[in-house]
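By convention here, the first residue in the shown sequence is residue 1.
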Amino acid sequence: MDEINELLRKVRESCDFKEVFRTRGIRITNKCIQKPLCYYCNYMNEDIYFTSVEEVISRALELKNSGVDRVTLVSGWLGYNNKLGVRYVKAIRDDSRFDDLRLSAAFGRLSKSSLLALKKAGLDQYGCNLEGVPEILVKIKGINDFEERINTLECAREVGLDISTGFIIGVGEDWKMFDRLLRNIKELDPCSIFMSPFEPYPNTPMENFPPSNLKRVIKAIAKTKLAFPEKIIGVRIIMQCKHLPREIVSLMIYAGANLIAPPPAFSDRSVKEFFEVLKTNAENLNILYNKLINEGVNNTDVTEFIDIVGNLNLV
């Protein structure tokens, strides 16, 4: 644990604790024309569906009322021109109830003209995750579309969109690969970086691949925060940890995450309760951070803090 303790100490000494943002995605469709489908993707277990505009509006309102201040529209890859996404963005932006809602989209690789259409419709931010370095992409997706993803993000910035990117943690990458990925991200200079701890889904090619353990996730968050101290660092809470959201979120915030997405299976009521706990816990953590920093952060402090989270997988 010594290496993680040292990383956490550096995070607390060099990075300011600021507001923790709340986000959640809305799927407009699970249709994906990518061949093959990503080996970890749960879409292959689902019948194809399209969410109506009315349902998306209703869902966005429910999320806003539950405490979400950032919503991301999500779809499978529908090709380089996603006209469907433009329709949904425009519908939300035409509704004055969402004037203060930050709206993002993640539709995979897109053409510059499609990104411009999304910008004109009222999109604030476009996210396209790099997922991993090229050699990892081949192992988890069967293809290497790394340069296409970078090109999409560069085009998104050129049309005036904020950009975000991210990666999956725990899919066989070593820390040298991880550091190389962070260097690639630094060249893109996104406004936020989002990571998804790997979690296997049944009936997919990677169903027997082990889920990412908490120790690896915390180390990844801390390394990313130190590389990007002024950026928003986001993380998705993995399903296997949903029964301990308060403690897990505490540890992730401690490591530097300040954009939190609850598990997809959380009900709206659970999401609201989750964010209420997050707000209270973030305030308490801020007091704890100041106390530790003022009195000196040492390995014992951090180890005791980690122990508080209880029976978690720190292998």
Side-chain angles (χ1 to χ4, degrees), residues 1 3-25 67-70 72 129 164 166-170 178 182 192-199 211-266 270-271 273-290 292-293 297 301-315:
M1 293 293 294
E3 182 183 7
I4 292 182
N5 289 344
E6 180 63 16
L7 285 171
L8 295 177
R9 182 189 64 79
K10 288 180 179 179
V11 167
R12 300 322 320 166
E13 289 185 346
S14 62
C15 305
D16 292 335
F17 177 80
K18 298 180 180 179
E19 181 182 0
V20 177
F21 302 102
R22 302 161 298 279
T23 186
R24 209 172 194 200
V68 170
D69 47 25
R70 296 165 183 244
T72 300
N129 288 344
S164 63
F167 47 84
I168 303 172
I169 187 72
F178 183 82
L182 290 185
S192 60
I193 302 120
F194 196 85
M195 66 188 74
S196 295
F198 175 73
E199 183 175 26
S212 184
N213 65 65
L214 184 60
K215 181 178 178 181
R216 189 171 190 83
V217 174
I218 295 304
K219 183 175 178 180
I221 294 172
K223 286 173 73 70
T224 305
K225 187 64 176 180
L226 289 170
F228 301 92
E230 301 302 321
K231 304 294 184 183
I232 295 174
I233 308 298
V235 63
R236 180 177 66 88
I237 309 300
I238 55 180
M239 291 297 298
Q240 63 174 330
C241 295
K242 69 178 182 179
H243 59 292
L244 288 172
R246 175 172 180 152
E247 291 80 4
I248 290 170
V249 171
S250 299
L251 194 51
M252 289 177 172
I253 295 174
Y254 192 93
N258 58 337
L259 176 66
I260 303 296
F266 263 31
S270 295
V271 168
E273 292 173 353
F274 176 89
F275 285 136
E276 287 173 352
V277 169
L278 174 59
K279 180 179 179 181
T280 302
N281 211 31
E283 293 170 352
N284 292 339
L285 282 168
N286 197 18
I287 296 171
L288 173 62
Y289 300 154
N290 292 332
L292 291 180
I293 290 173
V297 179
D301 292 320
V302 177
T303 302
E304 288 179 354
F305 183 84
I306 292 175
D307 288 342
I308 292 173
V309 304
N311 186 24
L312 300 175
N313 179 13
L314 289 173
V315 176

Between CZ on residue R216 and NZ on residue K219, distance to nearest 0.5 Å:
7.5 Å

Output for pair (I4 CD1, K223 NZ), nearest 0.5 Å, gives 10.5 Å

To the nearest 0.5 Å, tell me how far T224 OG1 sits from K231 NZ.
13.5 Å

So CE of M195 and CD1 of I168: to nearest 0.5 Å the spacing works out to 12.5 Å

So which atom in F198 and which in G170 form the shortest heavy-atom distance, rounded to 0.1 Å?
CB-O, 3.8 Å

Can you tell me how far apart CD1 (I233) and CD1 (I221) are? Round to the nearest 0.5 Å.
9.0 Å

Under a 3.5 Å distance rule, please check whether T23 uses its side chain to pair with a backbone N or O of R70 as donor and acceptor.
yes

Quick one: pull up CG in N129 and CD1 in I193 and give me the separation to the nearest 0.5 Å.
11.0 Å

Minimum heavy-atom distance V217-M252, with the two atoms named:
CG1-CE, 3.9 Å

For L182 versus A227, what's the shortest heavy-atom pair and its separation?
CD1-CB, 4.2 Å

Nearest atoms (heavy-atom pairs only) where A257 meets V235:
CB-CG1, 3.9 Å

If you compare all heavy atoms of I169 against all heavy atoms of A220, which two are closest, and at what distance to 0.1 Å?
CD1-CB, 3.6 Å

All heavy atoms of K225 vs all of V11, minimum pair found to be CG-CG1, 4.2 Å

